[in-house]
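Okay, so here's the structure we're looking at.
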Amino acid sequence: MAHVNLDRRVKPTVIVAESPEAFSRVAADVITRQIGIRSDSVLALPTGATPLSLYAELARRCSENLVSFAELHSFNLDEYVGLDPEHHNSYHAYMMEHFFSKVDIDMSNVQIPNGMAPNREAECARYEREIGAVGGLDLAIIGLGANAHMGFNEPGTPFDSRTHVAELASETSDANSRYFAGMQQMPRHAITMGIGTILEARRILLMAMGITKAEAVRASLEGRVTPHVPASVLQTHPHLTVVLDRDAASRLTVSPR
Ligand code: F6R
């Protein structure tokens, strides 16, 4: 936990969206603003259900020439171990389907961990080097697990962890198994950016929607900063924006703006 100052709590900007449209608009505004500041920004990108409407909104803006991703560098947060990029459940396939194929991004600037790498440790080290080579993350966009994981950093992951191979928590396997033909098909491991990697991003956008995330949102934003609640470490980040829907925000005691 070397570089995490637990005493330093910073008030995040918390936005509660009143509709699904507002949710994707507000989240897309954060990204569009970042690209407006620097067209060659470096983003960390999530998969899952939460960012689907965000990616659709960004694709719409791109098709209307309101934003361009041509110079963007992107690094996905994670990828399952053992899934070929062509596998329909891989995060490669997800990103192609929902975002990369719909925008003007230069695919040579796209990075996703290689879950098929024969030497996983070397792949994790390579990923860290690639992030460093483009100057580090400007904006990390992250979703939240019901157990407050971010990326596949499950409860107990050290705050100073770097990109590593993680074992999925049983609740994560349960939640994600709906996308697979059966539990047997579900990978047990993933390569994920570490918490330390994410924390070094200059800005972080955390998104959560739905009642199943309400307790994780409360614990992450208002609870004790502890590795048992991975996203609680975000309380120490100086530039955190949180976009929630009403359900995900429903257990917050401090009224958001
Ligand atoms: C996915 C990822 C995960 C998800 C989280 C929430 O790349 O990093 O941490 O963001 O599991 O998933 P959804 O949005 O499906 O509820």
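Side chains included, hydrogens not; waters and symmetry mates left out as well; all remaining heavy atoms used. One-based numbering, in listed order, for ligands and for the atoms of each.
Using cut-offs of 30° and 60° on the angle between ring planes, the pair F152 and Y80 is tilted.
Ion pairing between a basic and an acidic side chain is recognised when a charged N comes within 4.0 Å of a carboxylate O; R251 and E215 show such pairing.
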Query - Verdict with reasoning, R25 to R61, per side-chain contact (heavy atoms from CB on, under 4.5 Å) - result: CA-CA 10 Å; R25 197 174 55 243; R61 291 184 190 193; 3.5 Å; yes
Requested in this report: Before giving the answer on ring-ring contact (aromatic ring centres under 6.0 Å, His included), spell out for F100 and F69 the whole-Å C-alpha distance, their side-chain angles and the decisive distance to 0.1 Å.
Outcome: CA-CA 10 Å; F100 297 147; F69 302 97; 9.6 Å; no
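Atom CD1 in I141 sits 12.0 Å away from atom CD1 in I198 (nearest 0.5 Å).
For the 3.5 Å distance criterion, the side chains of S74 and Q111 fail to qualify, holding no donor opposite an acceptor.
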Enumerate, one pair per line, all nitrogen or oxygen atoms of ligand 1 lying under 3.5 Å from a protein nitrogen or oxygen, stating the separation to 0.1 Å; write 'none' if no such pair exists.
unit_1	atom_1	unit_2	atom_2	d
ligand 1	7 (O)	T47	N	2.9
ligand 1	7 (O)	T47	OG1	2.8
ligand 1	7 (O)	D78	OD1	2.7
ligand 1	7 (O)	D78	OD2	3.4
ligand 1	8 (O)	D78	OD2	2.7
ligand 1	9 (O)	H149	NE2	3.3
ligand 1	9 (O)	G151	N	3.3
ligand 1	9 (O)	G151	O	2.8
ligand 1	11 (O)	H149	NE2	2.7
ligand 1	14 (O)	A49	N	3.3
ligand 1	14 (O)	T50	N	2.9
ligand 1	14 (O)	T50	OG1	2.4
ligand 1	15 (O)	A49	N	2.8
ligand 1	16 (O)	K213	NZ	2.6

